[in-house]
Each structure stands twice: as structure tokens, then as C-alpha cells.
Amino acid sequence: MDSRQLFDQFGRRITYLRMSVTDRCNFRCTYCMPAGGLRELGRYELLTLEELARLGRVFVEEGIGKIRLTGGEPLLRHDLHILVRDLSRLPGLRELCLTTNGHLLAEQAEILARAGLMRVNVSLDSLDPEKFKRITRGGDLRRVLQGLNAARAVIPGPVKINVVASRGFNDDEVLDFARLTLDPGYHVRFIEPMPMSPHASWERGEVLSVIAIQRQIEETYGLEPVAGNFSLAGPASRFRIPGAAGELGFIGAVTDEFCARCNRIRLTPDGKLRGCLMADGEIDFLRPMRSGVSDEGLREMLYQAMRVKPERHYINEFYFIRPLRTMSQIGG
Ligand code: SAM
Ligand code: SF4
């Protein structure tokens, strides 16, 4: 079946759903969570795998072509492969991806690949075991590297590494990460740290601009732009070191206004549809679903979400207020 097309009130075509399957996490990254963690959702506050699959189906029928499973740490969700299997069978879905911290990936890569997972992004902010432990508050770099290797062996699409770039933390590792696009050919994306809930630390002075990173790589290796499908690719500007198998992506969430190209919506683990990371307006799908809402009712709620998706974020305006939820609670 040909899926329909979904547009928001500003004429942006919405094709990409980030679906969070849990708010729990086995790391405590400093820019994402407080050291002591956060109150976790109770079992009945979380969408079930069946509810997630149903929403995935309805949204894909309405024009979503790409779904990314995220969290919290999505690999902590029991039986995630069942959701992957159900979503991967949706006829209109062109991309089914996962973002993970990689800690449990070596064990799960194969079952997820067999269930139909097409791509994986692994978040990795340092290649130094001590620094990695510090930023994640306890993470084991060795396990994440094993997860990357396992993903490369069994998951079809190129493996992407997401690097949150912080001044004074990993600015000295930019070229080390860039070299991973040459060998073994990972895609690497640098992301500016964003001001999320006050429960997570953020200082404007720590934002290492992606322009500065790009310049540093360009001066050493040279860079050429990659032609891409921007309607599915999202906010990253994409380049390649000449001859590299992997790409480099730069997401200037703070310094670049990419909102005009925004193609995404987010489903929080407690079933709220959110038009923007930075805006707390949400539409609740969980309660209506548990009160028997029809598929037609779900479609109406999706259209309503299209009407309230904001035009842009206001991070750089003096009146900006940080969102109430952390990235782990929304689904980064
Ligand atoms: N736990 C998984 C992981 O870390 O990949 C998935 C969820 S995590 C919230 C998704 C992405 O959000 C990660 O790449 C993480 O680095 C990023 N992230 C979290 N807080 C952020 C912030 N304040 N600014 C920018 N990126 C952030
Ligand atoms: Fe967990 Fe991912 Fe947040 Fe780190 S960024 S604390 S791994 S949810």
C-alpha cells in the first residue's frame, strides 16, 4: 500500500518518527542525567510493545517512512526484537533504526538483525577508557567497542557513531573519531550538546561548534560534501574525507538553525507525541489507546500534533526556557 504524506502547519513534510521504548538507562551521561538517576516510569505508565507496534503501523500508514527506536537505553526493553519484527513488516516503512549506548549490543545485535533491524547508531563520546567512564559515569568502553564490532558484522546498514562534542572534554579526539570513517569505515556524527532539562548539565561555553570541528578535519584530511536524501536524512550536514568509506555528519543543534528542514516527531516512552525536543507541548496517546480509541481517532490525534509542532526552537533567544524533560525521558 502506498502511504500518504504528512505535513505540519509550516509545510514541512514529516517522515521520521523517533520512538522511545523506555526511560531507563544503564549509563548516567553527565549531559543527559543527574548522577543519582531520575524517577523511572512504572510498568503501566510505559507503552506496551503491542501499543508501540500499533502506533507505528498507523503512523506509517499516514506517511512516516523511517522509525528510530531509542530511549533511555532501548536495549534494556525486554523483548525489543518482537517490536523490531512487527515494525519491519510494515509495507510503507523504508528505514528501521536503533540508537543505543552499545553496552548490551554485542549480545543483542544478531537477534535484532534477524528481526529486521536495518541500521544502528552507537553513542560514543570518547575513545579513552577513563574519559568514557567519566562522561557516562561508569560505562565500560571495551563493551561498547565489542558492540560496534558485532553490529558491523550482522546489521545491514553502515554503523553510525554519535559523538556529543564538548569543549575541554573531547575536542582533542576530533581527528581520532574522523579517522574511524577511513578505517573501519564507520559513519561518524558530531552533535552539539543541547540544553535539556535542568536535571542535566549544560553550559553554553562547553558547546564545541560543529563548524570548528568541521574546519579542523578539513584542514587535516580535506572534506567533500555527500549528496543525500535530505527528506529522510534530517538535520546533519554530511561530508566525506576523500576516499573514506564512512561519512562525517555535523549537527549544529545550537549554532545552526536547521528547524526549517525538520522532518521528525517523537513518541515518548509514556505515549506522548512531541513535535520538538525543545517544546514541552505533547499529545497523549496512552490514555486514549487504553480507553479504546479507534485507528481513525489515532489519525486525528496525529493531525492535531501536526498543527501544534512549533516552527523552530528558541535556544538562542533570551527568553528560552529549558524543556522539562531530559533527553532520556523524551527519547533522544
Ligand atoms: N541511550 C541511548 C544512547 O545513548 O544512544 C539512546 C538514547 S540517548 C538520549 C540518544 C542520544 O541523545 C545519544 O546520542 C546522546 O548522546 C544524545 N544526547 C543526550 N543528551 C543530550 C544533550 N543534552 N545534547 C545533545 N545530545 C544529547
Ligand atoms: Fe543513557 Fe543515552 Fe542518556 Fe547516556 S545519553 S544517560 S546512554 S539515555
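Positions are given from 1 along the sequence. Just so you know, ligand 1 is whichever comes first in the structure, and atom 1 is the first atom listed for that ligand. Keep in mind it's a predicted model, so treat the numbers as computed, not measured.
Counting heavy atoms of neighbouring residues, nucleotides and ligands inside a 6.0 Å radius, atom CD of E110 does not exceed 12 of them. Other residues, nucleotides and ligands contribute over 12 non-hydrogen atoms within 6.0 Å of the CG atom of L175.
Taking any N or O of T70, backbone or side chain, none lies under 3.5 Å from an N or O belonging to ligand 1. Between T100 and ligand 1, an N or O atom pair is found at a separation short of 3.5 Å.
Of the protein's heavy atoms, G71 O, 4.3 Å lies nearest to atom 8 (S) of ligand 1. Distance from atom 3 (Fe) of ligand 2 to its nearest protein heavy atom, with residue and atom name: C32 SG, 2.4 Å. Atom 19 (C) of ligand 1 has as its closest protein heavy atom M327 CG, 3.4 Å.
Applying the 4.0 Å criterion to heavy atoms of N162 picks out, from ligand 1, the atoms 14 (O). Close approach of ligand 2 to F27 (heavy-atom distance below 4.0 Å) involves ligand atoms 6 (S), 7 (S). Less than 4.0 angstrom separates some heavy atom of E192 from each of these atoms of ligand 1: 25 (C).
Considering each of I135, V164, T326, the one bringing a non-hydrogen atom nearest atom 17 (C) of ligand 1 is V164. Closest heavy-atom approach to atom 25 (C) of ligand 1 among the candidates E73, M194, K160: M194. The heavy atom nearest to atom 4 (O) of ligand 1, out of those in P74, S123, C25, A165, is found in S123. Looking at G72, P193, G332 and measuring to atom 6 (C) of ligand 1, the nearest heavy atom belongs to G72.
When heavy-atom distances to ligand 1 are checked against a 4.0 Å cut-off, M196 comes that close only through its side chain, counted from C-beta outward. Counting heavy atoms closer than 4.0 Å to ligand 2, residue C29 contributes atoms from both its backbone and its side chain.
At a cut-off of 3.5 Å, with distance as the only test, no side-chain donor of N26 or E73 sits close to an acceptor on the other residue.
Residue contacts to atom 3 (Fe) of ligand 2: C25 brings no N, O or S atom closer than 2.8 Å.
Counting only distance, with no hydrogens or angles, the side chain of E173 and the backbone of L127 share a donor-acceptor pair below 3.5 Å.
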Please assess E206 against Y31 for the test side chain to side chain donor-acceptor pair (under 3.5 Å), listing each intermediate value before the final yes or no.
CA-CA 11 Å; E206 287 174 2; Y31 50 76; over 6 Å; no

For a side chain to side chain donor-acceptor pair (under 3.5 Å) check, start with the C-alpha distance between D270 and T268, then their side-chain angles and the critical distance, and finish with the verdict.
CA-CA 5 Å; D270 50 347; T268 68; 2.6 Å; yes

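No chain of hydrophobic side-chain contacts below 4.5 Å, direct or via other Ile, Leu, Val, Met, Phe, Trp or Tyr residues, connects W202 to M33.
Within the cation-pi definition used here (under 6.0 Å to the ring centroid, within 45° of the axis), K131 qualifies as a partner of F169.
Taking 4.5 Å as the limit, some side-chain heavy atom of Q5 sits within range of a side-chain heavy atom of R13.
For an aromatic pair to be called close, the ring centres must be under 6.0 Å apart, and Y221 with F239 fails this.
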